[in-house]
Engineer: 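Take a look at the following structure, please.
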Amino acid sequence: MTEEEARAHPFPHSREDAKSAEKTPDTPQTRAPAYKLAFADNDFLLREELRAVRLQLELLKPQMILDERGIESTVVMFGGARIPAPEHVDQARTETLAGLSKYYQEAYQFAKLMTERSLESYGREFVICTGGGPGVMEAGNRGAHDAGGQSIGLGIVLPHEQAPNEFVTPDLSFNFHYFAIRKMHFLLRARAITVFPGGFGTLDELFETLTLIQTGRMKPVPILLFGQEFWDKMINWEALADAGTISAEDLNLFRYVETADEAVEIIDNFDPNACD
C-alpha cells in the first residue's frame, strides 16, 4: 500500500502544498516571512517559542523510523570516545588510554555476539545502539557491522566538527540537538546497558540510568560495567553506601564484567526481581 493509499482523509498532502507554494507569483506579499507555510519556515521553527515543538519532533523522528524498521529492543553501549583501537594504540594520548584499548576489542566482540543473536530475530531484538562516535562507540558499531547486522548511532551536535563513525547503519544514524531527548532514545528500547571506561559523558549516562532504576522510573535491566579496576579507581561505591547516601541494595543495580562472554552470560540469565 502506498502512502497516498494509506491516507485516511481527502485533503491535499502537506508536501504537495509546499511545492505549490514555491510556484507562487513573486510579490511583496509572497516575499514577506508571514506568508511562508509554518511547517516549511525554518526561521519560524527555530524561534525560542517553538522549543516545545522541536523537542517533540526530535522525539518523534527516531521513534517513527525505528518503529518502521521493526526494531523492538536494543543493547546500549556507553564508553569513552578516546579509547583507541588496538591497531592505533600508539596514538593514545596517555599510557592509561593505551592500556584501556583492550576494552575496544571487548566492545567489538560483545557487539558481534549480540548482533549474531539479533539476526535470529531478523534484526528486531538486541540491536546494538551507541552514541555513533569514535572509540568504544565505533567498536560497537563495527562489531555489529562485521557480524552482518545493523546498529544504531545516536549522535549529537557538538561545537567541533564531527561525523558518525563509518560502521553505523546509515538509515539508523541519527543526530540530536537536545541531550535529554537523546538520552530518552538510548533507554526507551534498552534490554541491557553496557558501560565501558570513559569520561564525563559516560559517567553522566551511567548515573542517569542508575538513578532511573533506583527510583523506580525505569524497569531493571542488566547494567554491566566493563573493567572493575577502572571503575573502582573512579568511584568508591561502598563509601556511598557506608555514608547512607545510597542504600546497600543499590550496589546490586550493576555488575562488573571483564569480557564479552561474561556480559552475554549475565544478560542471558538476568532476573529483574533480583534488583528489587
Side-chain angles (χ1 to χ4, degrees), residues 73-86 89 96-118 125-131 135-144 146-147 149 151-152 186-187 189-199 201-214 218-238 240-241 246 248-276:
S73 69
T74 60
V75 176
V76 178
M77 298 179 67
F78 295 136
R82 302 179 184 185
I83 293 178
V89 70
T96 299
L97 276 177
L100 292 174
S101 69
K102 62 183 179 181
Y103 292 112
Y104 182 105
Q105 188 60 34
E106 291 301 331
Y108 170 86
Q109 183 64 20
F110 173 77
K112 194 172 182 182
L113 290 171
M114 294 309 302
T115 302
E116 290 169 356
R117 176 162 307 178
S118 178
E125 305 281 359
F126 296 106
V127 179
I128 293 298
C129 178
T130 80
V136 165
M137 295 171 281
E138 176 189 278
N141 297 120
R142 186 177 185 178
D146 289 357
S151 67
I152 301 165
F186 271 126
L187 302 180
R189 288 172 165 80
R191 287 273 295 275
I193 309 288
T194 58
V195 190
F196 294 78
T202 302
L203 291 168
D204 176 48
E205 291 152 346
L206 168 60
F207 280 109
E208 181 112 37
T209 305
L210 287 171
T211 301
L212 287 169
I213 295 177
Q214 179 203 48
M218 176 178 169
K219 293 180 180 178
V221 298
I223 300 177
L224 308 177
L225 275 58
F226 275 77
Q228 181 170 358
E229 182 180 0
F230 174 86
W231 291 108
D232 281 348
K233 283 183 179 179
M234 298 301 111
I235 306 165
N236 191 334
W237 304 100
E238 287 74 16
L240 291 171
I246 65 172
E249 294 77 16
D250 292 334
L251 299 177
N252 297 324
L253 295 178
F254 61 88
R255 296 275 300 275
Y256 289 123
V257 296
E258 296 298 328
T259 67
D261 289 334
E262 285 180 72
V264 172
E265 182 178 0
I266 291 173
I267 292 171
D268 284 343
N269 297 297
F270 179 71
D271 178 7
N273 296 321
C275 298
D276 291 345

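Note that the numbering runs from 1 along the sequence shown for the chain.
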Engineer: Does this structure show an ion pair linking K102 with E106, if we count only N-O contacts that are shorter than 4.0 Å?
Structural biologist: no
Engineer: Side chain to side chain contact (heavy atoms under 4.5 Å, CB included) for I246 and Q214? Distances and angles first, verdict last.
Structural biologist: CA-CA 9 Å; I246 65 172; Q214 179 203 48; 4.1 Å; yes
Engineer: Side chain of W231, backbone of F226: donor and acceptor closer than 3.5 Å?
Structural biologist: yes
Engineer: Measure from the side-chain N and O atoms of T209 to the backbone N and O of E205, and report whether any donor-acceptor pair falls under 3.5 Å.
Structural biologist: yes
Engineer: If you count heavy atoms of other groups shown closer than 6.0 angstrom to CD of E258, is the number above 12?
Structural biologist: yes
Engineer: To the nearest 0.5 Å, what is the distance between CG (D232) and OH (Y256)?
Structural biologist: 3.5 Å
Engineer: Quick check: are there more than 12 heavy atoms from other residues, nucleotides or ligands sitting under 6.0 Å from CZ of R189?
Structural biologist: yes
Engineer: Do Y104 and F196 have ring centroids that are under 6.0 Å from one another?
Structural biologist: no
Engineer: For the atom pair CG (L206) and CD1 (I193), what is the distance rounded to the nearest 0.5 Å?
Structural biologist: 9.5 Å
Engineer: Could you grab the distance from atom CE of M77 to atom CG of N141, nearest 0.5 Å is fine?
Structural biologist: 8.5 Å
Engineer: Any side-chain to backbone donor/acceptor pair from S151 onto I128? Under 3.5 Å, distance only.
Structural biologist: no
Engineer: Classify the angle between the aromatic ring planes of W237 and F207 as parallel (below 30°), tilted (30 to 60°) or perpendicular (above 60°).
Structural biologist: tilted
